Amino acid sequence: MRRSEINEALRFAIGLLETWRWSLPVWGQWSAAEFAAHPEASRYLVSRQLGWDVTDFGSGRFAEQGLVLFCLRNGILGVEGERSYAEKLLFIQEGQLTPAHLHKAKQEDIINRAGGDLVIEFSAADAAGKVNGSDVSVLVDGIEQRLQTWEPLVLHPGQSVTIPTGLCHRFYGAKGEGPVLVGEVSQVNDDRTDNYFLEPIGRFAEIEEDEPPLRPLWNEGAV
């Protein structure tokens with residue numbers, strides 16, 4: 001992705017926060033210079049994958065297949081005494097797809113916090129991560145929903161779904177309903193090791209620098 005595309009995506013996300021009156025921690029507004037001025041805090045944040053994340057999953061088509069995230073709290077997977085939970089905000093445009101993937105280490109709740117409708121589709125998978133045609137059962141705000149493979153589940157604002165480990169899923173903003181502010185509450189999150197995609201794609205964007213960054217991304221390791 002070009003840095004200018006990333007900056008535009010961040011402005012979109014910041015606009016959603018302003019619209020729905022969500023506030024970020026102070027470091028959510030830090031520039032690269034401010035991260036450099038706070039090296040100890042910067043190391044803490046980067047080691048826990050906290051902060052902004054923008055990706056096109058290697059597609060080169062961010063508006064169609066991409067995602068903006070902000071990780072608010074997280075621990076370090078497998079480290080005793082660290083947080084065992086994580087919380088994120090996801091900023092999803094109409095029709096913008098996060099491709100099919102599963103997690104082996106974390107269970108998560110995906111919550112439609114505000115805006116349009118969020119569509120999530122599921123497929124059962126075996127231990128090797130290969131999907132099959134079995135029906136799927138998920139809890140929507142604690143109420144069981146049975147779905148066929150890749151049958152769309154629509155979450156309206158305020159609704160949430162619990163996604164167990166090993167369940168393959170993909171999601172996107174419903175067209176015609178506006179962008180969606182999504183919450184994710186989960187077990188500790190590790191985006192470097194616990195995203196298993198059905199297709200061989202990249203989790204993090206390769207960045208072409210064409211203008212200064214609006215905000216550093218956590219995976220750039222700003223210290």
Side-chain angles (χ1 to χ4, degrees), residues 12-13 16-17 19-22 49 53 55 57 64-75 77 83-127 129-191 194-199 203:
F12 155 75
L16 275 191
L17 291 172
T19 296
W20 299 109
R21 300 177 66 84
W22 278 75
Q49 306 181 20
D53 183 0
T55 182
F57 300 102
E64 301 170 37
Q65 184 169 290
L67 188 62
V68 181
L69 311 94
F70 188 90
C71 188
L72 291 151
R73 63 202 84 248
N74 194 21
L77 188 63
R83 287 187 178 114
S84 59
Y85 56 89
E87 180 186 8
K88 291 183 179 182
L89 293 173
L90 286 62
F91 307 84
I92 302 175
Q93 301 180 22
E94 291 185 19
Q96 188 179 43
L97 175 70
T98 291
H101 64 287
L102 59 82
H103 310 290
K104 295 183 180 180
K106 74 172 182 179
Q107 178 172 264
E108 60 187 335
D109 278 10
I110 297 295
I111 310 147
N112 187 336
R113 293 291 193 190
D117 290 338
L118 180 69
V119 184
I120 309 184
E121 301 170 353
F122 302 95
S123 178
D126 61 23
K130 184 177 180 180
V131 299
N132 56 54
S134 302
D135 288 351
V136 171
S137 175
V138 294
L139 295 178
V140 176
D141 296 320
I143 301 171
E144 184 181 19
Q145 296 274 343
R146 294 199 63 83
L147 302 164
Q148 296 180 338
T149 299
W150 304 128
E151 178 182 350
L153 172 69
V154 179
L155 295 181
H156 305 296
Q159 289 187 299
S160 68
V161 62
T162 299
I163 305 176
T165 56
L167 181 60
C168 194
H169 55 286
R170 63 192 180 199
F171 51 83
Y172 50 92
K175 290 187 177 181
E177 300 295 331
V180 194
L181 176 60
V182 174
E184 177 188 312
V185 177
S186 73
Q187 293 168 286
V188 66
N189 174 85
D190 189 343
D191 276 322
D194 194 34
N195 290 293
Y196 299 86
F197 291 94
L198 289 190
E199 303 295 334
R203 170 58 181 83

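Fair warning: this is a prediction, and the values are worked out from it, not measured in the lab. The figures that follow rest on heavy atoms only: side chains count, while hydrogens, waters and symmetry mates do not.
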Practice prompt. Could you check if a side-chain atom of Asn189 sits within less than 4.5 angstrom of a side-chain atom of Asp194, using non-hydrogen atoms only?
Written response: no

Practice prompt. Taking the side chain as every heavy atom from C-beta outward, state whether Arg203 and Asp53 have any atom pair closer than 4.5 Å.
Written response: yes

Fill in: Main-chain N/O of Arg73 paired to Glu87 side chain as donor or acceptor, under 3.5 Å
no

Fill in: Residues in ring-ring contact (aromatic ring centres under 6.0 Å, His included) contact with Phe197, at least two apart in sequence or another chain
Phe57, His101

Worksheet item: Mind checking whether Val188 and Lys106 have side chains closer than 4.5 Å, heavy atoms only?
Response: no

Item to complete: Only counting residues at least two apart or in another chain, list the ones meeting salt bridge (charged side-chain N to carboxylate O under 4.0 Å, His left out) with Arg113.
Response: none

Worksheet item: Would you say the side chain of Thr162 lies within less than 4.5 Å of the side chain of Val138, judging by non-hydrogen atoms?
Response: no

Discussion item. Please list all pairs meeting side chain to side chain donor-acceptor pair (under 3.5 Å) that have one or both residues in residues 145-159, counting only residues at least two apart or in different chains.
Written reply: Asp117-His156

Worksheet item: With sequence neighbours excluded, what pairs up with Thr165 under the side-chain hydrogen bond (donor to acceptor under 3.5 Å, both in side chains) test?
Response: none

Item to complete: Identify, with sequence neighbours excluded, every residue that meets side-chain hydrogen bond (donor to acceptor under 3.5 Å, both in side chains) alongside Asn132.
Response: Ser134

Worksheet item: Which pairs with one or both residues in residues 154-174 pass salt bridge (charged side-chain N to carboxylate O under 4.0 Å, His left out), sequence neighbours excluded?
Response: Glu121-Arg170

Worksheet entry | Validation row: His103, Asn195 side chains within 4.5 angstrom (heavy atoms) | yes

Item to complete: Could you tell me whether the side chain of Asn112 and the main chain of Leu155 form a donor-acceptor pair under 3.5 Å?
Response: yes

Item to complete: Check whether any side-chain heavy atom of Ile110 lies under 4.5 Å from a side-chain heavy atom of His169, and answer yes or no.
Response: no

Discussion item. Within the 4.5 Å heavy-atom criterion, are Gln49 and Cys71 side-chain neighbours or not?
Written reply: no

